[in-house]
Amino acid sequence: MDGSYQVVVGSFLVFQVLFHMVTPRLSARLSWGYSNLSASQKTEWHSRCVSTIHALIVGGLALYILWFDDDVNRDRIWGDPRLVKVNIAIASGYLINDLVLLLWHWKTLGDRYFISHHLAALYAYQYVLARGLLPYFANFRLIAELSTPFVNQRWFFEVLGVPRSARLVVLNGTAMSISFFFVRIAVIPSYYRQVASSFGTAAFHRLGLGPQCAWIISSLALDILNTIWMYKIARGCWKILFRSHMHRKTEPSKSF
């Protein structure tokens with residue numbers, strides 16, 4: 001078995017342990033509102049805690065590779081994929097873990113967009129794990145995970161009953177919208193400019209039709225989903241900022 005697949009299995013098992021054993025215990029000790037949550041809310045709470053841990057690990061490693069891995073940055077299609085394969089393997093183990101949880105707890109966690117996202121990502125990632133193809137582009141996609149902690153924190157505030165006009169909620173919502181835009185939407189032109197620049201090259205033709213289709217189709221599918229999510233996040237952020245603004249305007253009149 002290739003070493004990267006062992007990392008996939010290990011990653012899956014670690015995230016399962018985090019979901020079933022670690023996050024319930026830590027949440028009960030560290031969060032004042034956790035004990036008041038329903039069973040379904042606790043299930044999603046654990047899932048989002050694991051999601052945040054995964055995002056910080058994978059997103060941070062993706063940034064490191066982008067800044068310091070000269071081999072991958074120099075040859076974006078066939079560069080040395082060793083560190084990228086480790087990161088992709090960790091991400092793949094998490095995605096499989098999350099698919100299992102989504103299907104097992106469908107009434108609580110089920111979401112067809114997440115299923116589509118995970119399957120598209122796994123379809124593309126298997127080419128990286130099996131053949132070491134497209135390391136730069138695969139790693140580039142993982143930077144998107146850096147917006148995930150803010151998305152999850154928004155849900156934590158909501159389920160704990162923190163008012164949407166609260167300063168922390170407004171700040172997190174703003175950070176969520178900005179980070180989501182920069183790591184998932186603003187990078188789209190740059191990403192596809194680099195994709196287009198590789199068309200017709202010898203390295204591109206070496207890939208073969210299967211990897212070429214997997215690369216382009218999965219990229220388009222993920223970016224369509226990201227655009228849909230960005231629209232929903234922007235609408236929600238606007239509502240929170242507007243309500244916060246209206247709340248501050250009405251506060252002086254209430255004091256008289």
Side-chain angles (χ1 to χ4, degrees), residues 15 17-60 94 97-98 101-102 104-115 117-118 143-186 225-256:
F15 286 121
V17 170
L18 287 173
F19 177 85
H20 291 289
M21 300 176 63
V22 178
T23 57
R25 289 176 171 80
L26 286 180
S27 298
R29 292 183 179 182
L30 301 178
S31 176
W32 55 267
Y34 175 80
S35 59
N36 298 324
L37 301 179
S38 65
S40 62
Q41 288 174 325
K42 286 181 179 179
T43 297
E44 185 163 0
W45 179 287
H46 304 156
S47 174
R48 288 181 180 272
C49 286
V50 173
S51 170
T52 295
I53 295 170
H54 160 261
L56 292 173
I57 294 172
V58 169
Y94 167 77
N97 162 79
D98 206 44
L101 295 177
L102 285 169
W104 189 260
H105 301 282
W106 183 258
K107 290 185 178 180
T108 303
L109 303 175
D111 188 312
R112 65 182 185 276
Y113 289 119
F114 281 120
I115 295 291
H117 172 275
H118 290 5
I143 297 171
E145 291 299 327
L146 293 173
S147 65
T148 299
F150 300 106
V151 176
N152 289 334
Q153 187 59 50
R154 175 183 179 277
W155 184 88
F156 291 140
F157 281 140
E158 185 173 336
V159 79
L160 290 174
V162 181
R164 292 188 175 184
S165 58
R167 186 176 185 83
L168 281 177
V169 176
V170 174
L171 290 174
N172 180 74
T174 304
M176 177 183 68
S177 299
I178 292 172
S179 64
F180 197 99
F181 175 76
F182 277 109
V183 301
R184 295 180 186 249
I185 304 301
L225 289 171
N226 283 331
T227 302
I228 293 171
W229 285 332
M230 182 73 250
Y231 172 72
K232 293 181 177 180
I233 287 173
R235 284 188 61 188
C237 184
W238 172 256
K239 289 179 181 179
I240 290 174
L241 290 173
F242 179 76
R243 288 174 181 171
S244 177
H245 176 69
M246 293 300 295
H247 178 73
R248 287 195 299 269
K249 287 182 65 176
T250 56
E251 273 185 343
S253 61
K254 288 181 181 180
S255 63
F256 287 102

Discussion item. Is it the case that atom CH2 in W104 sees more than 12 heavy atoms from other parts of the structure closer than 6.0 Å?
Written reply: no
Worksheet item: Roughly how far, to the nearest 0.5 Å, is the CG atom of L109 from the CD1 atom of I115?
Response: 10.0 Å
Discussion item. As an exercise, state the distance from OG of S35 to CZ of R29, rounded to the nearest 0.5 Å.
Written reply: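 Answer rounded to 0.5 Å: 14.5 Å.
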By side-chain hydrogen bond (donor to acceptor under 3.5 Å, both in side chains) - contacts of [X] (at least two apart):
X	answer
H105	none
H117	none
W45	S27
W155	E44

Worksheet item: Minimum heavy-atom separation for L37 to K42, with atom names?
Response: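 L37 and K42 have their closest heavy atoms at O-CE, 3.6 Å.
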Worksheet item: Of all heavy-atom pairs between Y34 and P24, which one has the smallest distance, and what is that distance?
Response: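 So the minimum-distance heavy-atom pair works out to OH-CA, 3.7 Å.
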Given side chains that start at C-beta, do those of [X] and [Y] come closer than 4.5 Å, heavy atoms only?
X	Y	answer
T43	F19	yes
L56	P149	yes
F156	C49	yes
F182	S147	no
R164	E158	yes
H118	L102	yes
L160	W32	yes

Discussion item. My understanding is that only residues two or more places apart in sequence, or in another chain, count here; which of them pass side chain to side chain contact (heavy atoms under 4.5 Å, CB included) with L168?
Written reply: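 L168 satisfies side chain to side chain contact (heavy atoms under 4.5 Å, CB included) with F157 only.
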Discussion item. Suppose we screen for side chain to side chain contact (heavy atoms under 4.5 Å, CB included). Which residues come up paired with S38, at least two apart in sequence or across chains?
Written reply: S40, Q41
Discussion item. Can you list everything that forms a ring pair (Phe, Tyr, Trp, His ring centres under 6.0 Å) with F15? Sequence neighbours excluded, please.
Written reply: H54, Y94
Return yes if some donor-acceptor pair links the side-chain N/O of [X] with the main-chain N/O of [Y] below 3.5 Å, else return no.
X	Y	value
R25	M21	yes
S51	S47	no
S31	A28	no

Show which side-chain atoms of residues 225-233 pair as donor or acceptor with protein atoms under 3.5 Å away, not counting sequence neighbours.
{"unit_1": "N226", "atom_1": "OD1", "unit_2": "R184", "atom_2": "NH1", "d": "3.0"}
{"unit_1": "N226", "atom_1": "ND2", "unit_2": "L222", "atom_2": "O", "d": "3.2"}
{"unit_1": "T227", "atom_1": "OG1", "unit_2": "D223", "atom_2": "O", "d": "2.7"}

